[in-house]
Amino acid sequence: MQRRADVPRLGSLEPSARAVVRALLLAGPLSRAELARRLERSPASITKTTQPLLAAGLITEDSASPGESRGRPGVPLVLQAARHRFIGVKVTSDEVFAVRTDAAGLVEASGHRDLADVEQDTVVGQILELVNELREPGEIQALGVGLAGQMSRFDDTVRHNPFLGWDQVPLAGILQRATGIPTVLSEDARALTAGVQWSGPGRGMSDLAVLTVGVGVGLGVVIEDRVLAGPTGKVGRIGHMRVADSGPACERGHRGCASAFLTTAAITHGIGVPRGRTDLDLEAALALADDGDPVALRVFADAGHALGVLIAQLANTLGLPAVILAGDGLGMLAHARPALDAALTERLDPNAARPTVVAFDSGFDEWARGAAVVACQWMLVDPPTDRTDPA
């Protein structure tokens, strides 16, 4: 049997081999003929590329496929994802979550730490504890960290994180020097989107959006199988997009923007202030709506309208066939969904196709899993030539 140590690291493969592995992770198992079609290459070149991968045990032929002889073009190829391990981390303002996954994003183990403060030493120390806890057994090929900010698709520096108060912090290098594991950073909603596409409810979709609501409003976009970041990492900045001509103001004074309606703080403030309450949380706000409280019902309806407007704008401008809703604020849908559907109908261009809207219950472990997927994608798309084999 092929020993784990004999299987090549994903980042050490040639570009053509990495493309095959990525295609198998996105849509596999796939035959050689289908790989040739997807990658726009000749069948002969695919055969040449896959031969060493088969010999190394990185991929195998699906022996369960009936009616095909081994080695024939129609036999599906399968990536041995369990032979490649990654760690993903999600950092919030008061907690750190981490998971160990295989290359397909299957979670093998997880861990969690509370943060006493957001000082750099504290956060780094808790991440290192989790990495040391999760890194055995076997080699970890890369570490991915997802957190709020304006990071590029594969970044090494925390930029403009509003919850930690960090900017221009070279976190990837700090972690890599301490762990010896190649490390990459990503904006957290974009990392969640990568996980959703790789092995979540977006698997098999080439075009989709993940819209998150909770502490903030975030967006990840996939076009033609690629998670978008833009040249400065700012793709998805929709929190202050205007969705109404009037209404409450957000914390920055923008009246009628998405954050003024959709963040948990905006919702609990809108319901709590008329009652003279500052201790209201989302659970209590939902309970009031369950009891028919008119203020709570109106605030949730306004939130649903804002979501519907955002989804319509995504469908109108990008033609996305699916929008997946995620985040810790999704409980609002129990009372917001009718207004969401109505606003989507009203704002959708007559010539645009109505997107499928799916709610995805995503705890913070799911966000960490997305960061692990980003680490795997980094190795397959843009591996660091000087850091693939850390000392």
Side-chain angles (χ1 to χ4, degrees), residues 189 192 196 200-202 205 208-220 238-250 254-275 277 280-363:
L192 176 65
V196 165
M205 299 180 188
L208 66 117
V210 175
L211 203 167
T212 65
V213 291
V215 175
V217 181
L219 176 69
I238 62 168
H240 296 284
M241 183 178 291
R242 192 170 186 180
V243 296
D245 294 332
S246 61
C250 73
H254 304 152
R255 192 164 300 280
C257 76
S259 292
F261 292 103
L262 285 172
T263 64
T264 300
I267 289 171
T268 55
H269 179 82
I271 297 172
V273 166
R275 298 176 169 278
R277 293 184 58 179
L280 201 69
D281 59 16
L282 186 59
E283 184 177 357
L286 288 167
L288 287 171
D290 290 341
D291 292 337
D293 181 86
V295 174
L297 290 173
R298 189 197 74 240
V299 169
F300 283 119
D302 289 344
H305 180 269
L307 262 181
V309 171
L310 290 180
I311 294 169
Q313 290 173 340
L314 289 171
N316 291 341
T317 56
L318 298 176
L320 297 173
V323 176
I324 296 170
L325 303 178
D328 55 0
L330 275 193
M332 71 171 68
L333 291 181
H335 297 285
R337 190 63 192 249
L340 183 162
D341 292 335
L344 178 55
T345 298
E346 176 188 354
R347 298 296 184 94
L348 194 66
D349 186 275
N351 294 315
R354 189 181 186 93
T356 300
V357 180
V358 178
F360 178 41
D361 184 11
S362 54

So do [Y] and [X] actually touch side chain to side chain, heavy atoms under 4.5 Å?
{"X": "H335", "Y": "L297", "result": "yes"}
{"X": "L310", "Y": "L262", "result": "yes"}
{"X": "L286", "Y": "F300", "result": "yes"}
{"X": "R337", "Y": "L307", "result": "no"}

Could you go through residues 319-330 and list every donor-acceptor pair under 3.5 Å that involves a side-chain atom there, pairing it with any protein atom two or more places apart or in another chain?
none

- Any donor-acceptor pair under 3.5 Å linking the side chain of D349 with the backbone of N316?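 The answer is no, because no donor-acceptor pair under 3.5 Å joins these two groups.
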
- Message: Using only atom types and a distance under 3.5 Å, with no angle test, would you say the side chain of R242 pairs donor to acceptor with the backbone of D245?
- Response: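 Yes; at least one donor-acceptor contact below 3.5 Å.
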
What are the two closest heavy atoms between [X] and [Y], and how far apart are they?
{"X": "G202", "Y": "L208", "answer": "O-CD2, 4.0 Å"}
{"X": "A249", "Y": "A260", "answer": "C-CB, 3.9 Å"}
{"X": "A352", "Y": "A315", "answer": "CB-O, 4.4 Å"}
{"X": "A303", "Y": "I267", "answer": "CB-CD1, 4.3 Å"}
{"X": "P274", "Y": "V295", "answer": "CG-CG1, 4.1 Å"}

In Å and rounded to the nearest 0.5 Å, what is the [atom1] to [atom2] distance from [X] to [Y]?
{"X": "R347", "Y": "H305", "atom1": "CZ", "atom2": "NE2", "value": "5.0 Å"}
{"X": "Q313", "Y": "I238", "atom1": "CD", "atom2": "CD1", "value": "8.5 Å"}
{"X": "H254", "Y": "S259", "atom1": "NE2", "atom2": "OG", "value": "9.0 Å"}
{"X": "L344", "Y": "E346", "atom1": "CG", "atom2": "CD", "value": "10.5 Å"}
{"X": "I271", "Y": "D281", "atom1": "CD1", "atom2": "CG", "value": "10.5 Å"}
{"X": "L192", "Y": "L219", "atom1": "CG", "atom2": "CG", "value": "11.0 Å"}

- Message: As a quick check of understanding, evaluate side chain to side chain contact (heavy atoms under 4.5 Å, CB included) for V217 and T263, giving each step before the final call.
- Response: CA-CA 7 Å; V217 181; T263 64; 4.1 Å; yes

- Above 12 or not: heavy atoms from other molecules or residues under 6.0 Å from CG of D361?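 Check fails, neighbour count at 12 or below.
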
- Dump the intermediate steps for side-chain hydrogen bond (donor to acceptor under 3.5 Å, both in side chains) on T345 and R354, then the final yes or no. CA-CA 8 Å; T345 298; R354 189 181 186 93; 2.9 Å; yes

